[in-house]
Asker: 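Dumping the structure here so I can ask a few things about it.
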Amino acid sequence: MAEVKIRLRLGPSSADQRELNISDEKIVGDLITYWKKDYRLAEQDVQGELIPYALYRDHGSHKERIDPKRTLRSLRMQAFEELYLTDARQPWWQGQKPTTQPLKEPKTPNPVPRPDPITRPAFGPCSIEIAPGCVHQIGEKGLVLNREYLLNELPKSVVARERALTMLGIESRLSAVSRGEPGHCSIIWRQNWYLIAHHQIYISGTKYTRNEAVHINQTTTLLLGREGWPITIRLHSTIIAR
């Protein structure tokens with residue numbers, strides 16, 4: 001493992017530049033998630049739509065979008081190379097007003113608005129693995145995850161084991177999963193897949209809570225609560241046309 005020094009640009013002014021030492025094993029998608037939280041970038045635009053952030057680098061006379069699944073090592077970053085974090089719909093260097101403003105509290109409890117049903121895009125299938133080999137497909141209506149759902153859908157042998165642990169005075173990982181409303185977290189489809197954290201969830205050691213929205217664009221494993229129940233979300237390449 002090695003570190004690479006990069007210059008991160010969040011906007012056009014010198015105040016929007018950061019010099020960072022980053023492990024070259026870091027995945028670009030994870031870095032985008034970390035930096036959104038670290039620099040308190042807006043989750044939504046003025047219309048209430050989630051902002052699809054992306055990372056870019058210079059490539060000749062234009063800027064090239066970086067695949068979020070790549071590591072910095074695979075990109076062969078040069079020392080002090082500039083990276084650009086922006087709303088992928090309207091990069092700030094194209095003369096538009098930057099969207100990387102301080103995070104504001106959402107006006108409604110649900111930070112992801114429902115799209116107009118007339119303009120809904122193609123649906124991308126998604127599945128969730130709640131135990132090894134126990135996989136469920138998620139439809140367009142999404143899914144609310146809580147302890148009751150897990151107790152109903154997990155294999156009976158898994159539930160029996162967890163209950164046996166509790167009877168022996170050993171805390172079950174299921175006890176970290178919320179029973180109450182509005183669930184521990186929700187998985188929803190709004191042009192892309194998003195994970196909404198109602199209670200504490202952890203992805204690669206990063207905590208999300210209080211209705212924070214996480215854009216899911218690759219296979220993602222999370223914990224429901226600290227040392228809680230592990231869940232894996234998988235996206236599938238097949239697109240269901242309208």
Side-chain angles (χ1 to χ4, degrees), residues 28-37 40-55 65 67-69 85-91 96-130 135-146 149 178 181-204 206-222 224 231-242:
V28 169
D30 289 344
L31 288 174
I32 293 172
T33 299
Y34 300 152
W35 289 336
K36 282 196 305 180
K37 291 176 64 68
R40 298 185 60 79
L41 304 185
E43 292 281 357
Q44 304 173 59
D45 60 20
V46 293
Q47 285 79 37
E49 297 287 341
L50 282 175
I51 298 173
Y53 284 98
L55 201 63
R65 184 170 180 172
D67 184 345
K69 298 180 182 179
L85 182 60
T86 183
D87 182 343
R89 301 166 304 179
Q90 53 174 49
Q96 302 292 333
K97 182 180 179 180
T99 58
T100 52
Q101 301 299 320
L103 180 65
K104 296 181 180 179
E105 290 295 326
K107 294 182 179 179
T108 62
N110 183 0
V112 185
R114 295 183 178 276
D116 186 329
I118 299 177
T119 60
R120 289 186 300 168
F123 170 65
C126 175
S127 67
I128 184 170
E129 185 173 29
I130 59 176
V135 178
H136 296 271
Q137 299 297 318
I138 303 178
E140 286 187 78
K141 293 183 179 180
L143 176 67
V144 175
L145 282 168
N146 56 26
Y149 173 85
S178 173
E181 297 292 339
H184 199 104
C185 64
S186 302
I187 302 170
I188 64 174
W189 170 258
R190 297 292 185 270
Q191 302 181 10
N192 290 283
W193 285 105
Y194 293 93
L195 178 68
I196 311 299
H198 307 306
H199 296 274
Q200 291 182 1
I201 63 172
Y202 294 82
I203 301 175
S204 299
T206 300
K207 181 175 75 174
Y208 302 88
T209 188
R210 297 180 181 178
N211 293 330
E212 288 185 274
V214 183
H215 180 204
I216 303 298
N217 58 11
Q218 60 186 349
T219 296
T220 301
T221 299
L222 58 138
L224 303 183
I231 299 291
T232 298
I233 302 171
R234 292 188 176 90
L235 307 186
H236 304 281
S237 59
T238 303
I239 298 297
I240 300 175
R242 298 291 179 195

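In what follows, every heavy atom counts, from backbone to side chain, and hydrogens, waters and symmetry copies are set aside. Sequential numbering from 1 along the given sequence is applied to the chain's residues.
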Asker: Do Arg89 and Pro52 have side chains that get closer than 4.5 Å, going by heavy atoms?
Answerer: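 When only atoms from C-beta onward are counted, Pro52 and Arg89 do touch, with a gap below 4.5 Å.
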
Asker: Which residues pass the side-chain contact (heavy atoms from CB on, under 4.5 Å) test with Pro182, not counting sequence neighbours?
Answerer: His198

Asker: Do the ring planes of Tyr149 and His136 sit parallel (below 30°), tilted (30 to 60°) or perpendicular (above 60°)?
Answerer: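 Tyr149 and His136: perpendicular rings.
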
Asker: Which heavy atom of Cys185 sits nearest a heavy atom of Leu195, and at what distance?
Answerer: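 So the two residues come closest at SG-CD1, 3.9 Å.
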
Asker: For the atom pair CG (Asp87) and CD (Glu49), what is the distance rounded to the nearest 0.5 Å?
Answerer: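 If we round to the nearest 0.5 Å, Asp87:CG and Glu49:CD are 11.0 Å apart.
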
Asker: According to side-chain contact (heavy atoms from CB on, under 4.5 Å), who are the partners of Thr209, at least two apart in sequence or on a separate chain?
Answerer: Gln200, Glu212

Asker: Going by heavy atoms in the side chains, are Thr221 and Ile231 under 4.5 Å from each other?
Answerer: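 A side-chain contact is absent here, since even the closest heavy-atom pair is not under 4.5 Å.
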
Asker: Taking all non-hydrogen atoms of both residues, which atom of Ser127 and which atom of Gln137 are closest, and how far apart?
Answerer: CB-NE2, 3.6 Å

Asker: Taking C-beta and beyond as the side chain, do Ile187 and Ile128 meet within less than 4.5 Å on heavy atoms?
Answerer: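 Counting from C-beta outward, Ile187 and Ile128 do come under 4.5 Å.
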
Asker: Are the side chains of Leu222 and Leu224 in contact, using a 4.5 Å heavy-atom criterion?
Answerer: yes

Asker: Are the side chains of Ile201 and Lys207 in touch, meaning some heavy atoms are under 4.5 Å apart?
Answerer: no

Asker: Got Leu41 and Tyr53 here, is their nearest side-chain heavy-atom distance under 4.5 Å?
Answerer: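 Touching, per the 4.5 Å side-chain cut-off.
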
Asker: Can you list the residues that meet the ring-ring contact (aromatic ring centres under 6.0 Å, His included) rule with His215, with sequence neighbours excluded?
Answerer: Tyr194

Asker: Give me the one residue out of Val214, Thr220, Ile138 that meets side chain to side chain contact (heavy atoms under 4.5 Å, CB included) with Trp193.
Answerer: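 For Trp193, the side chain to side chain contact (heavy atoms under 4.5 Å, CB included) test succeeds with only one of Val214, Thr220, Ile138, which is Ile138.
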
Asker: One thing to verify: whether Asp67 and Lys69 come together as a salt bridge, which I'm taking to mean a side-chain N less than 4.0 angstrom from a carboxylate O.
Answerer: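 No.
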
Asker: Restricting to non-hydrogen atoms, name the atom on Gln218 and the atom on Pro68 that form the minimum distance, rounded to 0.1 Å.
Answerer: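 Smallest interatomic distance, heavy atoms only, reads OE1-O, 4.4 Å.
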
Asker: Can you tell me if Thr33 uses its side chain to pair, donor with acceptor, with the backbone of Gly29 under 3.5 Å?
Answerer: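 Looks like yes, one N/O pair under 3.5 Å.
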
